[in-house]
Amino acid sequence: MDFLQTGLANLIEPGFNALIFSLFGMGLVFSGLVVIGLYIIFLPKLLNLFQKRSRKKTEPATPATPDTKHEILLAIATALHLQSNFPDENERLTWKSHGDLESPWLVSKRMHALAQRKSQSSPWRQG
Amino acid sequence: MDFLQTGLANLIEPGFNALIFSLFGMGLVFSGLVVIGLYIIFLPKLLNLFQKRSRKKTEPATPATPDTKHEILLAIATALHLQSNFPDENERLTWKSHGDLESPWLVSKRMHALAQRKSQSSPWRQG
Amino acid sequence: MDFLQTGLANLIEPGFNALIFSLFGMGLVFSGLVVIGLYIIFLPKLLNLFQKRSRKKTEPATPATPDTKHEILLAIATALHLQSNFPDENERLTWKSHGDLESPWLVSKRMHALAQRKSQSSPWRQG
Amino acid sequence: MEYNNFLHNSGLYHLEWTNMVMIMVGVLFIYLAVTKDYEPLLLVPIGFGMVVGNIPPIPGMPLSVYAEGSVFSYIYMGVMKGIYPPLIFLGIGAMTDFSTLLSNPKLTLLGAAAQIGVFLTFLGALFLGFAKTDAAAISIIGGADGPTAIFLSSMLAPDLLGPIAIAAYSYMALVPVIQPPVMYLLTTKAERRIRMKAPRQVSKREKIIFPIVAFLICALLAPGSMTLLGMLFFGNLLKESMVTERLANTARNGLIDTVTILLGFSVGASTQAQTFLTPQSLLIFGLGAAAFVIATMGGILFAKCMNLFLKDKINPLLGAAGVSAVPDSARVVHMVGLKSDPTNFLLMHAMAPNVAGVIGSAIAAGVLWSALGNF
Amino acid sequence: MEYNNFLHNSGLYHLEWTNMVMIMVGVLFIYLAVTKDYEPLLLVPIGFGMVVGNIPPIPGMPLSVYAEGSVFSYIYMGVMKGIYPPLIFLGIGAMTDFSTLLSNPKLTLLGAAAQIGVFLTFLGALFLGFAKTDAAAISIIGGADGPTAIFLSSMLAPDLLGPIAIAAYSYMALVPVIQPPVMYLLTTKAERRIRMKAPRQVSKREKIIFPIVAFLICALLAPGSMTLLGMLFFGNLLKESMVTERLANTARNGLIDTVTILLGFSVGASTQAQTFLTPQSLLIFGLGAAAFVIATMGGILFAKCMNLFLKDKINPLLGAAGVSAVPDSARVVHMVGLKSDPTNFLLMHAMAPNVAGVIGSAIAAGVLWSALGNF
Amino acid sequence: MEYNNFLHNSGLYHLEWTNMVMIMVGVLFIYLAVTKDYEPLLLVPIGFGMVVGNIPPIPGMPLSVYAEGSVFSYIYMGVMKGIYPPLIFLGIGAMTDFSTLLSNPKLTLLGAAAQIGVFLTFLGALFLGFAKTDAAAISIIGGADGPTAIFLSSMLAPDLLGPIAIAAYSYMALVPVIQPPVMYLLTTKAERRIRMKAPRQVSKREKIIFPIVAFLICALLAPGSMTLLGMLFFGNLLKESMVTERLANTARNGLIDTVTILLGFSVGASTQAQTFLTPQSLLIFGLGAAAFVIATMGGILFAKCMNLFLKDKINPLLGAAGVSAVPDSARVVHMVGLKSDPTNFLLMHAMAPNVAGVIGSAIAAGVLWSALGNF
Ligand code: NA
Ligand code: NA
Ligand code: NA
């Protein structure tokens with residue numbers, strides 16, 4: 001590239017209209033993110049639907065007690081073994097799935113509350 | 001590969017008898033692991049032999065005291081230095097070799113004992 | 001390389017005097033490290049010069065209080081956020097630059113003192 | 001006499017003032033990173049790389065990133081072949097929490113709107129006379145994602161990779177300087193004080209399914225975004241699946257750090273004054289700045305448009321976070337928000353358009369690559 | 001008009017139902033990994049890779065693992081050249097404690113016996129009409145070691161690498177489903193309740209010498225196993241020598257994780273429906289299942305044979321651990337053992353045939369490679 | 001019949017006594033590392049590599065580091081192309097604290113003086129009939145820095161890389177054996193008891209600026225040192241800048257460990273008896289030993305010369321630390337110092353010539369490379 005010729009003519013050349021091209025491009029970007037947005041909106045409803053159904057099917061879901069006992073013994077044995085042999089592979093111990101205790105939103109709410117209390121009692125505000 | 005012709009004829013072609021080949025193969029696998037097994041059986045005996053000999057040679061092995069003192073001072077100095085400069089290279093501090101305190105078998109035995117005590121006093125068993 | 005011909009003649013061939021070459025080489029190594037040494041000697045003086053000047057310019061450098069408050073709130077918010085989302089990127093929290101508290105020389109001095117006290121009271125020395 | 005070569009071979013002999021300028025710029029980058037904390041993880045490697053890359057190499061000796069067989073050229077290969085950017089996206093994915101996006105899906109649109117910066121810059125670059133492929137590579141600076149910019153440049157305009165990468169990272173570092181004026185210009189104080197309502201809780205299951213479905217949507221629409229988004233969402237799946245925590249951990253620590261070191265250093269080292277200091281580079285920096293400003297404007301104005309139709313108003317500052325530059329622009333939104341109302345915490349909410357902007361830019365890059373690439 | 005290309009270039013346009021099937025299989029892999037905890041470190045990367053690999057790429061565009069110059073092809077190179085498997089073995093070596101084997105050497109034989117699965121499957125594959133090299137690569141699925149299977153396939157039958165790797169990892173994940181029925185079928189309750197006596201203490205010195213000697217034995221017998229076993233025992237030496245703890249630590253964390261991510265993802269991405277869904281693949285899956293069952297049977301029956309001659313009886317369940325699939329089959333042995341006697345802890349003992357099985361499979365692979373390779 | 005090949009293919013069949021010698025040497029390396037703690041991070045990988053590299057490979061089969069397409073050859077590529085050494089220097093830079101040097105700049109001269117070992121060995125190697133490039137590569141053993149030696153060999157004398165690397169690392173490991181006699185020979189007890197005064201405090205700012213300026217000085221004088229010193233000082237900047245701690249951390253842990261494993265192993269595996277056991281190798285080992293002794297003498301005698309002019313005398317033992325072999329020779333200086341005066345702690349002071357020696361050797365390597373390289 002040695003010399004650049006500026007001009008609006010560059011935007012429309014035979015077989016390539018840059019304006020329409022850009023519009024199409026923006027359209028694709030928007031459609032991608034709109035579909036993602038729609039998916040996000042409808043997913044929880046879908047999941048709830050499934051959950052209701054599966055709940056009906058598996059009503060007497062109290063796990064068998066002797067099984068649990070074996071499970072615990074197994075877990076202890078495996079934990080001891082894995083800890084001595086594979087000290088860094090602890091996530092393989094995950095026999096049950098984890099809860100969702102530390103959502104950022106819980107943190108967010110707590111922070112909000114804290115900040116408001118703080119700002120009310122702040123000497124700068126009161127004075 | 002477009003069409004597969006099945007048949008026992010595939011197993012024996014001129015210059016290649018797959019059955020004998022497989023037997024030889026299994027033989028090699030076995031011989032490898034058998035030799036390893038034999039080595040494992042005889043190694044401790046060999047090591048004991050060596051240890052007895054070397055023990056005789058190095059009887060008055062109490063280390064010279066002033067040397068030890070220097071060693072300790074050196075160790076402290078090096079430790080301080082290395083910790084400040086090379087915080088992650090701690091294994092280089094290993095002046096003496098480590099013991100073998102945490103064998104998995106110790107764990108295994110402890111676990112066994114625990115489990116038997118537990119299962120004897122278990123209400124499911126007693127009831 | 002099959003057979004090596006030894007001899008002082010190898011050191012001087014037409015267009016390449018190995019002795020002079022080596023002298024030049026040593027010269028370059030020395031000049032590199034001498035310049036580094038000189039730089040190290042003069043840098044602190046230069047830095048002091050700059051510091052004095054900039055101190056004069058920024059005399060009333062007590063930071064604005066309301067700004068600080070926002071800064072703190074921001075820091076808390078960011079910390080909480082980053083900790084929950086980027087648990088390992090903590091150095092990005094560095095809002096202010098760090099002090100230079102743990103110089104190896106402090107350690108060195110402390111060690112020296114310790115050692116001398118220790119060696120004076122040492123039974124080997126006293127006895 | 002070969003020791004004559006010592007002098008001829010010394011770098012001093014070949015050092016030009018343009019090299020000195022570039023070395024000073026490199027030092028400036030490091031200075032800004034250390035004292036202002038502007039994107040230090042990128043500016044320090046790039047800055048030192050610029051210093052190294054502007055030592056005049058001995059002609060013929062394999063030293064610079066452009067010399068065949070040099071060590072630096074092997075490191076630079078990861079840039080030229082586009083390998084480093086997806087690996088960085090893998091690590092970013094393993095760091096990113098999409099729950100902000102999941103709990104407030106309408107904010108995704110802000111990440112789309114900010115891509116207007118990309119396409120207007122594309123038109124601008126064409127207007128200035130750049131070839132189509134070069135214009136596309138330059139325009140992606142407006143996406144405000146370093147890896148995306150490097151990836152697209154390496155595919156469409158490898159000759160301009162140096163200036164495009166430096167421009168992208170410089171402006172990302174300067175987001176706290178560039179964005180606030182635009183934000184104040186386009187919003188009223190009342191708008192900046194709009195509070196976002198606390199979003200709903202997102203279940204673990206939604207978080208696990210999201211990367212898979214989002215990937216399918218984007219990749220089926222724009223397969224050219226498959227490489228970058230595949231890695232981004234793969235990293236996120238490793239994080240959210242809970243059963244591959246150790247892989248996610250490596251992806252967001254050792255792996256991304258190693259790649260960041262190599263990418264930053266070699267991109268910096270590719271800025272030899274002799275090839276870098278050209279009129280094109282100047283134009284690229286100008287277009288890049290424009291792209292950032294337009295993208296910020298696009299996001300903010302689109303948010304204000306949305307407010308015309310929405311009951312729960314969006315704080316238009318959030319639109320500025322749509323340019324991504326994760327997480328800097330989200331942090332800037334937060335800070336500007338705090339200036340108007342010290343108890344209005346926008347950081348969490350700003351993360352939603354922020355990550356949507358990453359996806360949006362990657363789609364834009366995929367579209368530009370697939371339409372203009374020379375296959 | 002190039003914007004026409006947008007539609008033509010979209011992945012949706014080219015998506016075939018076979019691709020959708022493969023995407024569903026990928027999602028199923030992830031589902032099994034997340035909910036059933038089946039080998040998640042492998043199934044999640046492979047599963048997501050399958051999703052990515054079945055997005056129809058734009059023809060000519062460097063996207064898929066098979067397209068020259070694509071990023072994924074560079075990542076896949078580590079699979080095709082056989083580089084990843086030895087690196088994974090290095091990490092596994094740095095994790096593995098051979099003291100179980102050292103304290104009960106006769107259990108090594110169970111690891112040898114299970115390799116009957118390899119050689120009978122080899123005969124079976126020949127019978128079905130596969131070429132010798134293909135048959136050998138398929139048969140090693142019976143070794144139940146993913147890296148070994150990938151290594152041998154890349155050397156002998158690169159075209160079948162995809163189905164062989166997927167079959168090997170699928171069945172390794174399904175070990176808790178496949179093995180128990182075979183175990184119950186071939187053992188009586190009394191046999192399953194046999195207690196192993198607590199083995200002797202192993203000295204540090206034995207542990208340090210072992211990897212060196214074991215390597216020499218295997219490599220001198222079957223030099224073809226040198227690459228895999230060299231790395232396995234090298235990793236183990238790093239662990240046991242006590243003076244290279246930091247190297248062992250990196251080998252079993254950052255290094256193996258990185259390689260696992262890249263290997264799993266790219267193997268998954270190599271399963272494009274167009275090349276993957278063939279009658280051969282189906283046959284390979286069938287043969288693979290047979291191989292696992294035969295190997296399990298071989299181990300158990302050999303243990304029962306040994307009991308005819310031994311005073312201290314071996315619990316025949318341990319034979320099933322000879323197929324390796326470390327550490328899953330050892331865990332399955334332990335669980336089945338617990339079902340018959342809740343205080344009989346077989347896990348430790350099962351690790352011995354388990355690691356012996358890894359060595360046995362690597363020797364078998366070396367033998368097949370050196371005898372059938374095209375040098 | 002191909003199963004005939006089993007015997008022909010076994011390594012035992014091809015094993016020569018020279019291979020057995022090399023295997024024994026490898027085992028000796030591991031033994032010394034484990035029991036004497038001599039540079040274990042290098043001797044264990046190199047030692048095991050020697051064991052692996054001396055298993056006779058099946059002719060034609062891609063097994064050894066020299067066989068095209070073998071896995072080990074891909075790993076060895078990082079050695080042959082000179083890629084590993086700069087990466088190791090990156091990690092070393094991120095570990096090194098230059099504050100000892102900054103607080104006592106006159107000690108830098110000792111690091112320069114020790115390079116006499118390099119240039120005298122160069123003359124010696126020429127005298128013995130080695131070609132210029134080979135002589136240069138051999139002479140750098142006197143620099144007592146493994147990575148520098150490997151880098152220069154890979155550039156100037158790839159055929160001699162094996163023996164040069166092994167010699168360099170062996171003698172580095174043997175520094176505690178080689179240096180003390182020379183030190184006792186050249187110093188009086190009074191000299192060894194000289195106390196260094198506690199040096200001044202170094203500010204953070206000096207530490208940050210140092211790597212940049214020191215790099216510029218060295219690279220402008222000897223651009224050939226740019227690759228090694230660029231990485232060394234880059235790593236140090238990552239460490240000292242305080243804002244890139246996570247990058248420094250990865251550089252000095254995961255990254256350097258991985259490279260150390262691969263470099264050590266493949267250098268070891270390159271020592272096949274057939275190519276390694278030559279008269280040249282013997283000469284190289286002889287020259288290497290001489291180089292270490294001369295370098296030690298050079299440092300000590302130069303320190304004694306300096307004392308003729310200085311008011312604050314330097315402990316001449318510090319001169320021995322100028323050969324680098326970081327941090328072993330500094331540790332040796334410390335130990336010998338303690339023997340003469342149990343309260344004289346020289347370790348900190350010895351680090352200054354120690355790191356200066358690294359810089360000095362890299363400059364020497366750069367000079368030799370740029371003057372003798374075949375461009
Ligand atoms: Na973006
Ligand atoms: Na196996
Ligand atoms: Na040196």
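This structure is a prediction, so every number in the text was calculated from the model and none was measured. Values below: all heavy atoms of this structure, side chains included; hydrogens, waters and symmetry mates excluded. Here is how names work: the chains are called A, B, and so on, in the same order as the sequence lines, proteins then strands, and each is numbered from 1.
In this structure, no portion of F:A362 lies under 4.5 Å from any heavy atom of chain C. Proximity to chain C involves both the backbone and the side chain of F:I209, based on heavy atoms less than 4.5 angstrom apart. Neither the backbone nor the side chain of F:F215 comes within contact range of chain C; no heavy atoms are under 4.5 Å apart. Only the side chain of C:L43 comes within contact range of chain F, judged by heavy atoms closer than 4.5 Å. Looking at F:L109, both its backbone and its side chain come within 4.5 Å of chain C, counting heavy atoms on both sides. Interface remark: C:Y39 contributes side-chain atoms only to the contact with chain F (heavy atom separation under 4.5 Å). Using a 4.5 Å cut-off between heavy atoms, F:I116 contacts chain C through both its backbone and its side chain. The contact between F:F122 and chain C is made entirely by side chain atoms (from C-beta outward), counting heavy-atom distances below 4.5 Å. Residue C:L19 touches chain F through both its backbone and its side chain, counting heavy-atom pairs closer than 4.5 Å.
If you take CG on C:L28 and CG on F:L368, they are separated by 10.5 Å, rounding to the nearest 0.5 Å. Between C:S31 atom OG and F:I363 atom CD1 the span is 7.5 Å, to the nearest 0.5 Å.
Contact between F:E206 and C:P44 at its shortest, heavy atoms only, is OE1-CG, 3.5 Å. Nearest heavy atom pair, residue C:L33 against residue F:A356, reads CD1-O, 3.8 Å. Annotation for C:G32 and F:I217: closest pair O-CG2, 3.8 Å, computed over non-hydrogen atoms.
In terms of heavy-atom pairs under 4.5 angstrom with chain F, the leader among C:V34, C:L11, C:L23, C:I41 is C:L11. Ranked by non-hydrogen atom pairs under 4.5 Å with chain F, the options C:A9, C:S22, C:A18 are led by C:S22. Between chain C and the residues F:N104, F:T278, F:T108, F:I359, the largest count of heavy-atom pairs under 4.5 Å involves F:T108.
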Checklist entry - Given F:C218 and C:I36, is the side-chain contact (heavy atoms from CB on, under 4.5 Å) satisfied, shown in steps? => result CA-CA 8 Å; F:C218 299; C:I36 289 181; 3.7 Å; yes

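You'll find the ring centres of F:F119 and C:F21 outside the 6.0 Å limit.
Side-chain contact between F:F210 and C:I40 is present, with heavy atoms from C-beta onward closer than 4.5 Å. In this structure, C:F16 and F:L372 have side chains that are in contact, with non-hydrogen atoms separated by less than 4.5 Å. For the pair F:P105/C:L38, no side-chain contact is recorded, criterion being any heavy-atom separation below 4.5 Å from C-beta on.
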